[in-house]
Amino acid sequence: MTRRRSAIGNWKMNGLTANLSDVDQIAAAAAQATCGTGLCLPATLLHVARGRVTMPLGGQDCHASESGAHTGDISAGMLADAGASMVIVGHCERHADHGETNEIVAAKSGAAWNAGLTAILCIGETETQYHTGQTRDVLADQIAGSLPEGANADNTIIAYEPVWAIGTGRTPGIGEIAQTHAFIRSRLPDPSLSILYGGSVNASNAAGIFALADVDGGLVGGASLTAEKFVPIIKALEATS
Ligand code: PEP
């Protein structure tokens, strides 16, 4: 089975209705693209963006429950209702800001599946873990603890995001990314799952990263916020597909 290749943007807590023109421009490029695309927008923009564009849209987190007394949270079903087809779970900023554990992330993945969403499951080591040679152990632990049984290429995308590479302008070496992705694939219950690389991807480094055998695209933060920066990354993925 050919693995799905995608360039997916994560807008994090950025974006007002004034920024929807960038969504429009990114969507225009996505409509022409031969690879998969997606934009994980702030929940406040999802429904209005859905009314403007046809490209896949996603949320950035969901609660593990379908509904209930969880003030300020959002369910996977609500994201689907607003027009999302995917949702990020387990982003390291959720671990840091909200104390999420592997167990919570696994429950969120299951909630995403139940709502018909593809879960984009983030895994990645901290800088200390990287420097002390724990990367593989950490990743194996995260895969075992946060990927529920039943994951397949339709309902799950893995995003390898070294925590220390997010928003820093630093990335692991190309050889390291290649080896780490191969390791992750060897630990997946279904090797046909897509594995995206995330962490300071930009128009200059995208082509080299996307050309690696076990890299199926990118999860892109800062460089997905404008069409000017994100469209060249989509094109880099197309060129290496
Ligand atoms: C992210 O937060 O998912 C991410 C990859 O961020 P950036 O591209 O800004 O490093």
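Source: prediction; values computed, not measured. Ligands are counted one by one from 1 in listed order, and the atoms in each one are counted from 1 as well. In this chain, residues are counted from 1 in sequence order.
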Identity and separation of the nearest protein heavy atom to atom 8 (O) of ligand 1 = Gly221 N, 2.8 Å

Got a salt bridge between Arg4 and Asp216, using NZ or NE/NH1/NH2 to carboxylate O under 4.0 Å?
-> no

Please identify which atoms of ligand 1 are closer than 4.0 Å to at least one heavy atom of [X].
X	result
Leu219	5 (C)
Gly222	7 (P), 8 (O), 9 (O)
Ser200	7 (P), 8 (O), 10 (O)
Asn10	1 (C), 2 (O), 3 (O)
Gly167	7 (P), 9 (O), 10 (O)

Quick check: are there more than 12 heavy atoms from other residues, nucleotides or ligands sitting under 6.0 Å from CD of Glu127?
-> yes

Considering residues, nucleotides and ligands other than Glu228, do more than 12 of their heavy atoms fall under 6.0 Å from its CD?
-> no

Kindly work out whether a path of hydrophobic side-chain contacts (I/L/V/M/F/W/Y, heavy atoms less than 4.5 Å apart) joins Leu196 to Leu117.
-> no

Do any heavy atoms of Ala165 fall under 4.0 Å from ligand 1?
->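 A heavy atom of Ala165 does come that close to ligand 1.
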
Strictly under 4.0 Å, does any heavy atom of Ala223 approach an atom of ligand 1?
->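 Ala223 does not count as a contact of ligand 1 under the 4.0 Å cut-off.
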
Could you go step by step and tell me if Asn10 and Gln60 meet the side-chain contact (heavy atoms from CB on, under 4.5 Å) rule?
-> CA-CA 7 Å; Asn10 171 16; Gln60 301 172 12; 3.7 Å; yes

Say whether Val220, considering both its backbone and side-chain N or O atoms, lies within less than 3.5 Å of an N or O atom on ligand 1.
->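 No; every N/O pair is 3.5 Å or more apart.
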
Is Glu161 close to ligand 1, meaning an N/O of one under 3.5 Å from an N/O of the other?
->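 Yes, there is a polar N/O contact under 3.5 Å.
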
Of Lys12, Arg170, His91, the residue with the heavy atom nearest atom 6 (O) of ligand 1 is Lys12

Fit a plane to each ring of Tyr197 and His181, take the angle between them on a 0 to 90° scale, and name the class: parallel (under 30°), tilted (30 to 60°) or perpendicular (over 60°).
-> tilted

Which is it for Val23 and Leu41 under the side-chain contact (heavy atoms from CB on, under 4.5 Å) test, yes or no, and what are the steps along the way?
-> CA-CA 9 Å; Val23 175; Leu41 295 173; 4.1 Å; yes

To the nearest 0.5 Å, how far apart are CD in Gln129 and CH2 in Trp164?
-> 12.5 Å

